[in-house]
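Note that the numbering runs from 1 along the sequence shown for the chain. For the numbers below, each heavy atom of this structure counts, side chains included, while hydrogens, waters and symmetry mates do not.
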Amino acid sequence: MTYSGEVTVGGPADVHELKDLMITKIAVGPMDNNAYLLRCRATDEQLLIDAANDAETLLGMIGDDGIASVVTTHQHGDHWQALAEVVATTGARTYAGREDASGIPVTTDVAVDDGDVIRVGQVELTARHLVGHTPGSIALVYDDPHGHPHVFTGDCLFPGGVGNTRKDPKAFASLIRDVETKIFDVLPDETWVYPGHGNDTTLGTERPHLPEWHARGW
């Protein structure tokens, strides 16, 4: 089946099969949050991005193999509602951006800074600190050696714009600067974007609209 990235709460997951990594996307909770299960094909180790809601659904997706790690992209409550139960059940290590860790009511085992590498089996993910939606939001970049990059952006980049900065000009200026310099300026148009809510996109689809985003201020 061809991966589309289009999922709905209560519906089936969608699986993006890469040579070294399997990415399973599912939607959970009242705010239609996306959760992503990453599985290293060489070792079968798994990592979950955002234990957002509905622990039963997430644990069913994880299966009997468990997970080694959970990465929380940022401190907003809709992204960690199931974190405590998932961690209690699996014993997974927890990761979050250093500046957001205090806002997550589950202990962060590893505080993440810009450029840190998080591993799932033999696969490496590079964290990028994107400031503006929250002080410690992180995106995770997988630079696929067999194809184009893939980036998990949390609530910092969506189809049609950057994340909500609550009409704060300074926060918007910070977020769009970080998204441009750490994502758009260094990754190619083919880069696949997996956001915290809604459908996926690519950098090439969004890049022509950057001047519009600057002009409107959100």
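- Between the Q46 side chain and the I62 main chain, a donor and an acceptor come within less than 3.5 Å of each other.
- If you check the side chains of T202 and D189, you find no donor sitting under 3.5 Å from an acceptor.
- In terms of hydrophobic clustering, with Ile, Leu, Val, Met, Phe, Trp and Tyr side chains grouped at heavy-atom distances under 4.5 Å, V86 and I26 are assigned to a common cluster.
- Counted within 6.0 Å of CH2 on W213, heavy atoms from surrounding residues, nucleotides or ligands total more than 12; the atom is thus considered enclosed.
- The closest donor-acceptor contact from the side chain of T90 to the backbone of A92 lies under 3.5 Å.
- Nearest heavy atom pair, residue P195 against residue G198, reads CG-O, 4.1 Å.
- The pair D178-R128 does not count as a salt bridge, with every side-chain nitrogen at least 4.0 angstrom from each carboxylate oxygen.
- With hydrogens and angles ignored, the 3.5 Å screen pairs a side-chain donor or acceptor of N33 with a backbone N or O of D78.
- Here T201 contributes atom OG1 and L203 contributes atom CG; the two are 8.0 Å apart, rounded to the nearest 0.5 Å.
- Salt bridge R41/D20: absent, no basic N to carboxylate O contact under 4.0 Å.
- Between V87 and T94, some side-chain heavy-atom pair lies under the 4.5 Å cut-off.
- In this structure, I183 is not a member of the same hydrophobic cluster as F152, with clusters built from ILVMFWY side-chain heavy atoms closer than 4.5 Å.
- A distance of 11.0 Å separates NE2 of H150 from CD of E190, quoted to the nearest 0.5 Å.
- Atom OH of Y95 is separated from atom CG of L125 by 10.0 Å, given to the nearest 0.5 angstrom.
- Side-chain contact between L18 and I23 is present, with heavy atoms from C-beta onward closer than 4.5 Å.
- Between D54 and T57, the shortest heavy-atom distance links the atoms OD2-OG1, 2.6 Å.
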- Task: Could you check D144 against L21 for side-chain contact (heavy atoms from CB on, under 4.5 Å), going step by step and ending with a plain yes or no?
- Result: CA-CA 9 Å; D144 186 353; L21 186 68; over 6 Å; no
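- Here the options are R207, E212, E206, the test is side-chain hydrogen bond (donor to acceptor under 3.5 Å, both in side chains), and the partner is H209; only E212 passes.
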*Working for side chain to side chain donor-acceptor pair (under 3.5 Å), residues D116 and H129*: CA-CA 9 Å; D116 284 355; H129 182 203; over 6 Å; no
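- Side-chain polar atoms of D50 and H79 form a donor-acceptor pair below 3.5 angstrom.
- Scanning all heavy atoms of the two residues, the minimum distance from S137 to D100 falls at N-OD2, 3.7 Å.
- A 4.5 Å side-chain heavy-atom check between E45 and L38 finds every atom pair outside the cut-off.
- Proximity of E56 to M61: side-chain heavy atoms (C-beta onward) are nowhere separated by under 4.5 Å.
- If you take CD1 on I138 and CZ on R98, they are separated by 11.5 Å, rounding to the nearest 0.5 Å.
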Legend entry - Trace of the side-chain contact (heavy atoms from CB on, under 4.5 Å) decision for L130 with K182: CA-CA 8 Å; L130 307 174; K182 297 180 181 182; 4.1 Å; yes
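- Screening Y36, Y3, Y194 for a side-chain hydrogen bond (donor to acceptor under 3.5 Å, both in side chains) involving H16 leaves a single residue, Y194.
- Residues H148 and L187 have side chains not in contact (no heavy-atom distance under 4.5 Å, counting atoms from C-beta outward).
- A donor-acceptor pair shorter than 3.5 Å can be found between the side chains of E180 and H214.
- The closest side-chain heavy-atom distance from I67 to L47 is not below 4.5 Å.
- I118 and V70 sit in two unconnected hydrophobic clusters of ILVMFWY residues. Membership requires side-chain heavy atoms under 4.5 Å apart, directly or through other members.
- For the pair S174 (side chain) and K170 (backbone), a donor-acceptor distance under 3.5 Å is absent.
- In terms of modelled atom types and a separation under 3.5 Å, the side chain of T191 and the main chain of P188 share a donor-acceptor contact.
- Note on V141 and I49: separate hydrophobic clusters, where clusters join Ile, Leu, Val, Met, Phe, Trp and Tyr whose side-chain heavy atoms are under 4.5 Å apart, directly or indirectly.
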>> What verdict does the side-chain contact (heavy atoms from CB on, under 4.5 Å) test give for T43 and Q122, after you've listed the backbone C-alpha separation in whole Å, the side-chain angles of each residue and the deciding distance to 0.1 Å?
In response: CA-CA 7 Å; T43 66; Q122 297 178 5; 3.9 Å; yes
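- A chain of hydrophobic side-chain contacts below 4.5 Å, direct or via other Ile, Leu, Val, Met, Phe, Trp or Tyr residues, connects V179 to V186.
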T73/D155 under side-chain contact (heavy atoms from CB on, under 4.5 Å): CA gap, chis, key distance, verdict: CA-CA 8 Å; T73 57; D155 284 2; 5.9 Å; no
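- The minimum heavy-atom distance between S4 and D14, with the atom names listed, is N-OD2, 2.9 Å.
- When atom types are taken as modelled, the side chain of T126 and the backbone of V117 share no donor-acceptor pair closer than 3.5 angstrom.
- Under a 3.5 Å cut-off, the side chain of W80 and the backbone N or O of Q75 do form a donor-acceptor pair.
- How far CH2 of W218 is from CD1 of I176: 11.5 Å, rounded to the nearest 0.5 Å.
- Between D200 and G5, the closest heavy-atom pair is OD2-CA, 3.6 Å.
- For the atom pair N34 CG and N199 CG, the distance stands at 8.5 Å (nearest 0.5 Å).
- For N53 and Q81, the side-chain atoms include no donor-acceptor pair closer than 3.5 Å.
- The closest side-chain heavy-atom distance from F184 to L210 is below 4.5 Å.
- Looking at every heavy atom in both residues, A52 comes nearest to L58 through N-CD1, 4.0 Å.
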